[in-house]
Amino acid sequence: MSNPTLLILPGDGIGPEVMAEVRKIITWYGANRDLAFDVSEDLVGGAAYDAHGTPLHDDTMAKAQEADAVLLGAVGGPKYDSLDFSVKPERGLLRLRKEMDLYANLRPAQCFDALADFSSLKKNVVAGLDIMIIRELTSGVYFGEPRGIFKEGNERVGINTQRYTESEIERVARSGFEMARKRGNKLCSMEKANVMESGVLWREVVQRIGDTEYPDVELSHMYADAGAMQLTRWPKQFDVIVTDNLFGDLLSDLAAMLTGSLGMLPSASLGAPMANGRPKALYEPVHGSAPDIAGQGKANPIACILSFAMALRYSFDQGDEATRLEKAVEKVLADGYRTADLLGEEGRSPVSTAEMGDAVVKALDASLG
Ligand code: NAD
């Protein structure tokens, strides 16, 4: 059988630096776990604009559609700020998400014990935290029509439209229930059914999918504003949360930051299954291209490494190997390795991007016993 294919798009700024460390991990799995990937690499964002005058070449888009998974670093940077909106680096990423129809955005919020002091919340509130937020990514108020700024009488009016079809709610609800089954079997759906018709429909559809297809999963509903309060009060009450595009945007950022640095946060965006049964998938760290530290060996590669762990789990059915990689990261942190972003006010000297990657590889070696 041929190896699974992985398309790597390092992008701009610290993207190539953190991706170089993920390359070491991929090589390790090929050499030690009989888990080899056919890896190809291409350009996205500003790097693609420099080479082709477009932030995503059609050939690259076609490769992404065919790959078993896409792993992206980050795009953007001050050099490209004055470009026309249509060719800005971020458009490359948006095109990937749109044309691959990646409707479920998975954002884990997991607190490693060694970093519990780093949270803005009390240690006992966040230590051991492990929740997953699934945000609907391709519909809702960011896409609904009509939209725009219009003249109404003698003043202007800004309009955006929250719009969800039943099938759009059904498919992301199923993503939520499937995820809950793989974890603690608990799903909380969040909307504003008290004031929005789209929320009423959202609640009805999620409940119906739960009753008919996932009666074994414990389902609850919460208004999104109450959800925000509960996430900061006692986040460990949640396992999986499913919510719409707008509320998910806010709630996933809130939940993720409970756990500390931007340099630690992975994400996955999944679409419908392909012919081989794997979902269309794009994995990327939550952070951007960090131009302030690019090229200095200061970037924390863990967010990108943990994004690859998500690929192992959700694209390649290698949950045990994903856990092995997450535990290797945990060990490295417990052993005191810290890139600059994880040191705060502490007076210790940080490790470099490459030293952090090497430490994770060493911890993987140690995991073999
Ligand atoms: P950013 O995430 O790049 O950086 C915010 C802050 O966090 C910076 O101080 C940076 O040094 C730090 N940081 C981020 N990742 C880090 C890491 N791995 N290790 C250590 N420190 C890290 O956000 P920004 O500064 O608002 O944006 C910079 C550029 O990135 C902009 O062009 C923006 O459009 C783009 N951007 C891209 C993405 C993406 O590719 N998905 C996401 C957000 C921003």
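For ligands, and for the atoms within them, numbers begin at 1 and follow the listed sequence.
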If I apply the N/O under 3.5 Å rule, does [X] come out as touching ligand 1?
X	value
P291	no
A290	yes
G288	yes
D292	yes
V75	yes
K298	no

Can you name the atoms of ligand 1, numbered from 1 with element, that are less than 4.0 Å from a heavy atom of [X]?
X	value
A74	40 (O)
E90	32 (O), 33 (C), 34 (O), 35 (C)
G263	17 (C), 18 (N)
G76	32 (O)
E284	41 (N)
A299	19 (N)
G77	32 (O)

What residue and atom, counting heavy atoms only, is the protein's closest point to [atom], and at what distance?
atom	answer
atom 22 (C) of ligand 1	I293 CD1, 4.0 Å
atom 7 (O) of ligand 1	L262 CD2, 3.8 Å
atom 29 (C) of ligand 1	S289 OG, 3.3 Å
atom 14 (C) of ligand 1	H287 CB, 3.7 Å
atom 18 (N) of ligand 1	N300 O, 3.0 Å

Is it true that atom CD of E197 has more than 12 heavy atoms of other residues, nucleotides or ligands lying nearer than 6.0 Å?
->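 12 or below, so no.
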
Has D317 got more than 12 heavy atoms of other residues, nucleotides or ligands less than 6.0 Å from its CG?
->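 At most 12 heavy atoms, drawn from other residues, nucleotides or ligands, come within 6.0 Å of this atom.
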
Would you say [X] and [Y] make side-chain contact, with heavy atoms under 4.5 Å?
X	Y	result
L201	I169	yes
K186	V217	no
F247	V141	no

Just say parallel, tilted or perpendicular for the rings of W202 and Y164, cut-offs at 30° and 60°.
->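 Geometry flag for Y164 against W202: perpendicular rings.
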
Please indicate, with yes or no, if any protein heavy atom is found under 4.0 Å from atom 25 (O) of ligand 1?
->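 False for atom 25 (O) of ligand 1.
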
Got a protein heavy atom sitting under 4.0 Å from atom 36 (N) of ligand 1?
->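 There is a protein heavy atom less than 4.0 Å from atom 36 (N) of ligand 1.
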
Pair F37 + F316: ring centers closer than 6.0 Å |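 Between F316 and F37, which both carry aromatic rings, the centre distance is below 6.0 Å.
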
Is the side chain of K88 donor-acceptor paired with the backbone N or O of D81 at a distance under 3.5 Å, no angle test?
->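 Between the backbone of D81 and the side chain of K88 there is a qualifying donor-acceptor contact (under 3.5 Å).
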
With sequence neighbours excluded, what pairs up with K79 under the salt bridge (Lys or Arg N to Asp or Glu O under 4.0 Å) test?
->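 Residues passing salt bridge (Lys or Arg N to Asp or Glu O under 4.0 Å) with K79: D50.
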
So between I302, D81, D341, whose heavy atom ends up nearest atom 20 (C) of ligand 1?
->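 Result: the heavy atom closest to atom 20 (C) of ligand 1 is in D341.
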
Pairs touching residues 121-130 that satisfy side chain to side chain donor-acceptor pair (under 3.5 Å), sequence neighbours left out |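 Passing the test, one end in residues 121-130: D130-R183.
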
For ligand 1, is any non-hydrogen atom under 4.0 Å from L72's backbone (N, CA, C, O), its side chain (CB onward), both, or neither?
->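 The answer is neither; L72 stays 4.0 Å or more away.
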
Under a 4.0 Å heavy-atom limit, does I14 contact ligand 1 with its side chain, its backbone, both, or neither?
->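 Under 4.0 Å from ligand 1, I14 contributes side-chain atoms alone.
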
When you check the gap from the basic side-chain N to the acidic O, do D335 and K331 get nearer than 4.0 Å?
->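 Result for this pair is yes, salt bridge flagged.
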
K327 with D320: basic N within carboxylate O range, under 4.0 Å |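 Salt bridge: no.
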
Among R181, R208, R174, the one residue meeting salt bridge (Lys or Arg N to Asp or Glu O under 4.0 Å) with E213 |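 One option only clears the test, and that one is R174.
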
Can you see which heavy atom on G76 is nearest to which on E90, and at what distance?
->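 That closest heavy-atom pairing would be CA-OE2, 4.0 Å.
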
